[in-house]
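Notes follow once the structure below has been shown.
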Amino acid sequence: MKPLQALTAAALAALLLVGCAGEPSSSAAAEPTPTPTVEPTPEPTPALTLDPLTGKERDDCGGQRPVAVSIRTGDGAAPQWGISRAGLIIEGVTEGRTAGMTAVFSCASDVEKAGPVGPGRDLPLQLTLPLNAIPVHINKNIYASNLLNALTYQDLDGYHIGKAAFAFDEERAAAGFREENCWYTTGDLIAAGLSAYGMDTTGNNMTLFSFGERSAPESCTAKNLRITFSDEDAEELVFDPDTRLYFKYHADGSPVMDAAAGEQVVFSNVFVLYASSGIKDDGVTRQYDLTGGTGIYLTDGAWETIGWTKDDATAPLSLTDAGGKTLTVSPGQSLIVIYGGYYGQSLRLTDADGNEQTLPEKPALLESGIPDEVAAQAEMAEKIEDAKAAYDAAAAELAALQEQQPDPADAEAAQKLADAQAAFDKAAAELAALAEQQENTADAAPAE
């Protein structure tokens with residue numbers, strides 16, 4: 001008999017012996033069979049990973065690409081959706097006098113509702129593409145298009161993909177908002193849009209900063225920061241000692257609100273990166289030197305001068321302290337402002353006692369930049385042209401009413417004539433004031 005067969009036979013014999021042992025006597029008490037206790041299977045603990053944008057631990061964003069949504073700004077765009085939930089906000093003037101905004105989310109699941117979605121620009125792209133972020137916008141300018149094409153980088157552009165990745169807010173439209181300020185996106189819509197290209201939201205990400213704990217500041221040297229992008233666009237960051245956060249306000253003092261979350265936008269970190277600027281070859285779009293420069297960093301009520309480098313469009317942002325060492329950044333949401341310091345732009349930082357802080361000198365202009373004196377003259381000429389047009393329109397309306405020779409007894413006609421006369425007088429006064437201001441500026445200019 002083979003060993004395995006012998007073992008099987010022995011086991012079978014043992015079982016038979018047990019079965020033939022006979023029934024227990026009636027005097028012997030039967031022992032109860034114990035019921036086995038089934039232990040519940042413990043739920044697996046999700047692995048914590050570091051949020052790439054905020055430096056905080058979380059368990060739901062590992063292996064996911066960030067999402068960079070272009071947000072419309074300017075007249076009629078506020079309140080925006082989703083800007084309080086973004087891990088990073090990027091601001092900077094690309095065209096005109098209003099700063100553009102890009103909201104960067106750590107992963108698509110963070111995008112509950114974001115918008116109104118605006119056009120893509122190359123300035124924020126150069127900061128977000130190194131993060132492997134998914135660019136989300138509706139239309140884009142030629143410079144953004146050229147950059148994406150050169151890198152063969154796939155974006156989600158509503159101009160091409162349409163409603164697969166974007167939706168229209170009917171209630172907002174019914175409330176009187178212009179159509180372009182009613183389009184938004186969500187994490188599900190972004191995933192659906194990517195699927196049309198055979199892609200999804202999974203992929204590599206990288207930590208934005210060197211996050212870590214910082215020593216508590218001795219005093220509040222950075223209480224209020226006012227950023228003036230132009231005479232038409234400014235904002236203020238105000239430090240709250242209770243929450244240790246910077247609250248964002250409009251120039252008129254009203255809070256910047258998130259229409260989706262119903263809360264004010266706040267930041268743990270505020271960066272202002274000084275970058276030499278000029279004008280691109282279209283004569284309109286701003287050009288920035290993004291290879292590096294100086295800047296300021298606000299956190300926990302204090303500020304410091306920093307340095308930054310980035311090299312080309314694919315290189316990540318690198319920050320250093322005044323001593324040249326890697327900057328330690330407080331965990332939390334961040335605001336990055338690109339500051340050209342050209343004509344019309346300014347920064348004002350005050351401490352808790354209202355004392356104005358001495359900030360680094362504004363960056364130099366690029367060769368294509370417009371000197372302050374020339375910019376001031378061009379702005380004055382534009383204002384006078386607008387004032388002259390308003391004066392001519394008021395004069396024409398007044399003359400037309402006077403030609404009608406209204407009956408003095410007609411109260412309505414008399415009121416129209418009085419209103420037209422008042423509008424003409426106001427336009428004439430504004431035109432005269434601007435002309436005097438222009439003359440005084442010319443007299444004060446140094447001789448060639």
Side-chain angles (χ1 to χ4, degrees), residues 50 52-55 65-68 70 87-94 99-102 104 106 120-135 137 140-155 203-212 269-282 285-297 304-329 334-342 345 360-369:
L50 204 64
L53 301 184
T54 68
R65 297 175 62 190
V67 175
S70 297
L88 170 68
I89 295 289
I90 300 170
E91 292 184 332
V93 177
T94 56
M101 178 189 296
T102 296
V104 190
S106 300
R121 298 291 183 257
D122 69 309
L123 175 62
L125 284 176
Q126 293 194 54
L127 293 173
T128 57
L129 296 189
L131 303 175
N132 197 30
I134 302 166
H137 39 245
K140 52 185 175 285
N141 66 9
I142 185 63
Y143 304 104
S145 181
N146 289 345
L147 176 59
L148 292 169
N149 289 339
L151 298 174
T152 61
Y153 201 105
Q154 183 62 59
D155 59 348
N204 297 326
N205 57 47
M206 62 170 288
T207 305
L208 178 61
F209 303 122
S210 177
F211 291 104
N269 307 297
V270 177
F271 300 90
V272 180
L273 305 184
Y274 288 42
S276 294
S277 67
I279 301 295
K280 291 182 182 287
D281 54 11
D282 65 351
T285 307
R286 298 225 56 102
Q287 171 73 35
Y288 292 93
D289 177 5
L290 293 181
T291 59
T294 188
I296 59 174
Y297 170 42
E304 62 183 284
T305 301
I306 61 172
W308 66 276
T309 56
K310 214 194 80 67
D311 297 326
D312 61 25
T314 62
L317 178 66
S318 177
L319 302 177
T320 56
D321 60 20
K325 296 181 180 179
T326 300
L327 181 70
T328 299
V329 176
S334 298
L335 168 68
I336 293 179
V337 173
I338 305 300
Y339 174 66
Y342 53 84
Q345 291 201 330
E361 292 292 330
K362 65 180 182 180
L365 290 173
L366 298 176
E367 289 186 5
S368 61

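- Here Ser106 contributes atom OG and Leu53 contributes atom CG; the two are 3.5 Å apart, rounded to the nearest 0.5 Å.
- A 4.5 Å side-chain heavy-atom check between Leu208 and Val104 finds every atom pair outside the cut-off.
- Residue pairs satisfying the salt bridge (charged side-chain N to carboxylate O under 4.0 Å, His left out) criterion with at least one member in residues 272-282, sequence neighbours excluded, are listed as follows: Asp122-Lys280.
- To the nearest 0.5 angstrom, Leu88 atom CG is 9.0 Å from Thr102 atom OG1.
- The shortest non-hydrogen separation linking Leu290 to Lys310 is O-CB, 3.1 Å.
- Contact annotation: the side chain of Val270 never approaches that of Val337 to less than 4.5 Å [non-hydrogen atoms, C-beta and beyond].
- Proximity of Leu148 to Leu129: side-chain heavy atoms (C-beta onward) are separated by under 4.5 Å at one or more points.
- Ile90 pairs with exactly one of Leu335, Leu123, Leu127 by the side-chain contact (heavy atoms from CB on, under 4.5 Å) rule, that one being Leu127.
- Note that CG of Asp289 is 12.0 Å distant from CG of Leu365, once rounded to the nearest 0.5 Å.
- In summary, the aromatic rings of Phe209 and Phe271 are positioned with their centroids under 6.0 Å apart.
- Looking only at distances, a side-chain donor or acceptor of Ser276 sits under 3.5 Å from a matching main-chain atom of Ala364.
- When all heavy atoms of Ser70 and Gly120 are compared, the closest pair comes out as OG-CA, 3.8 Å.
- Here the straight-line distance linking atom OG1 of Thr320 with atom NZ of Lys325 works out to 12.0 Å at 0.5 Å rounding.
- Taking the side-chain hydrogen bond (donor to acceptor under 3.5 Å, both in side chains) definition, one finds that Ser334 meets it with Asn269, sequence neighbours left out.
- Classification of the Tyr339-Tyr274 ring pair by plane angle, with boundaries at 30° and 60°, yields perpendicular.
- Between Glu304 and Ile306 there is a side-chain heavy-atom pair separated by less than 4.5 Å.
- Across all their heavy atoms, Arg65 and Ile134 have their closest contact at CZ-CG1, 3.5 Å.
- Looking only at side-chain heavy atoms (C-beta outward), Leu125 and Pro135 come within less than 4.5 Å of each other.
- The heavy-atom pair separating Val93 from Arg286 by the smallest distance is O-CB, 3.8 Å.
- Within the model, atoms CG of Leu151 and CG of Asn146 stand 11.0 Å from one another, a figure rounded to the nearest 0.5 Å.
- Looking at heavy atoms from C-beta onward, Tyr288 lies out of side-chain contact with Gln126 at the 4.5 angstrom threshold.
- A heavy-atom distance below 4.5 Å is not found between the side chains of Tyr297 and Leu319.
- The two residues Asn132 and Pro66 have their closest heavy-atom pair at O-CD, 3.9 Å.
- The neighbour count for Asp312 CG, taken as heavy atoms of other residues, nucleotides or ligands under 6.0 Å away, is above 12.
- Scanning all heavy atoms of the two residues, the minimum distance from Leu317 to Trp308 falls at CD1-CE3, 3.8 Å.
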